[in-house]
Amino acid sequence: SSYIRRYTLFHELAHNIADRITDNGIYVDESAGWRTVMSCYVSGYGQTNNRENFAESVVMYRYNGRELKRNCPQKYEFLRTQVFNSAEYT
């Protein structure tokens, strides 16, 4: 379905984001800020490892931000400010 294609594409893009965006010279998915919010998992697959957790969280922010904000508000805020330049999606 088109939803699965979008989801998969954005998930893979999130891996690229994690590799490029840095916080004081450290990859975002390895930063101290991420470590404080990473324990709030958004999917079973996100529990696989830190990279999948980051990618799944980015997808959740983009396509189901309200649920992420409700269930993992600190993770939502981290992604909003550190990855999405304060852009929010409804």
Side-chain angles (χ1 to χ4, degrees):
S1 75
S2 93
Y3 170 78
I4 292 171
R5 284 192 299 272
R6 269 193 327 247
Y7 175 93
T8 302
L9 179 63
F10 211 75
H11 175 99
E12 297 307 322
L13 177 62
H15 287 305
N16 188 280
I17 291 168
D19 287 342
R20 294 179 183 236
I21 297 178
T22 61
D23 175 11
N24 297 324
I26 300 171
Y27 293 121
V28 167
D29 67 347
E30 296 173 358
S31 70
W34 177 252
R35 284 193 303 269
T36 65
V37 301
M38 65 184 269
S39 64
C40 185
Y41 297 103
V42 300
S43 72
Y45 188 57
Q47 294 179 32
T48 304
N49 59 52
N50 187 42
R51 291 185 55 76
E52 299 306 340
N53 183 10
F54 183 82
E56 290 287 286
S57 298
V58 167
V59 172
M60 176 72 81
Y61 184 96
R62 175 59 184 91
Y63 291 109
N64 203 348
R66 288 183 183 154
E67 183 178 340
L68 179 63
K69 192 173 190 177
R70 184 177 61 248
N71 295 329
C72 302
Q74 293 173 320
K75 182 178 270 189
Y76 179 92
E77 189 60 22
F78 176 86
L79 292 171
R80 186 181 73 78
T81 60
Q82 300 299 313
V83 176
F84 286 92
N85 198 31
S86 298
E88 295 183 277
Y89 304 90
T90 57

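As the structure is a computational prediction, the values presented were derived from the model and not from experiment.
- For the pair Tyr89 and Tyr63, the minimum side-chain heavy-atom distance is 4.5 Å or more.
- Judged by distance alone, the side chain of Thr8 and the main-chain N or O of Arg5 form no donor-acceptor pair under 3.5 Å.
- The shortest distance between side-chain heavy atoms of Asp19 and Arg51 falls below 4.5 Å.
- No more than 12 heavy atoms of other residues, nucleotides or ligands shown are found within 6.0 angstrom of CG on Asn85.
- Considering all non-hydrogen atoms of both residues, Phe10 and Val59 come closest at C-CG2, 3.9 Å.
- For the side chain to side chain donor-acceptor pair (under 3.5 Å) criterion with Glu77, the lone passing option out of Gln74, Arg80, Lys75 is Arg80.
- The two residues Ala14 and Ala55 have their closest heavy-atom pair at CB-CA, 3.6 Å.
- Atom CZ of Phe78 sits about 10.0 Å away from atom OG of Ser57, to the nearest 0.5 Å.
- Hydrophobic clustering keeps Tyr41 apart from Leu68 (ILVMFWY residues linked when any side-chain heavy atoms are closer than 4.5 Å, directly or through intermediates).
- Surrounding CZ of Arg66 are at most 12 heavy atoms belonging to other residues, nucleotides or ligands under 6.0 Å away.
- The backbone N or O of Val42 lies less than 3.5 Å from no partner atom in the side chain of Asn71, so there is not a single donor-acceptor pair.
- To the nearest 0.5 angstrom, Arg35 atom CZ is 10.5 Å from Asp29 atom CG.
- In terms of hydrophobic clustering, with Ile, Leu, Val, Met, Phe, Trp and Tyr side chains grouped at heavy-atom distances under 4.5 Å, Tyr45 and Ile17 are assigned to different clusters.
- Relative ring orientation between Tyr61 and Phe84 is described as parallel, the plane-to-plane angle staying below 30° on a 0-90° scale split at 30° and 60°.
- For Gln47, the CD atom is densely surrounded, since the number of other residues' heavy atoms within 6.0 Å is greater than 12.
- Residues Tyr7 and Glu56 bring a donor and an acceptor atom of their side chains to less than 3.5 Å of each other.
- To the nearest 0.5 Å, the span separating CG on Leu79 from CD on Glu88 amounts to 11.5 Å.
- Here Glu52 contributes atom CD and Ser43 contributes atom OG; the two are 8.5 Å apart, rounded to the nearest 0.5 Å.
- Side-chain atoms of Asn53 come within 3.5 Å of backbone atoms of Met38 as a donor-acceptor pair (strictly under, hydrogens ignored).
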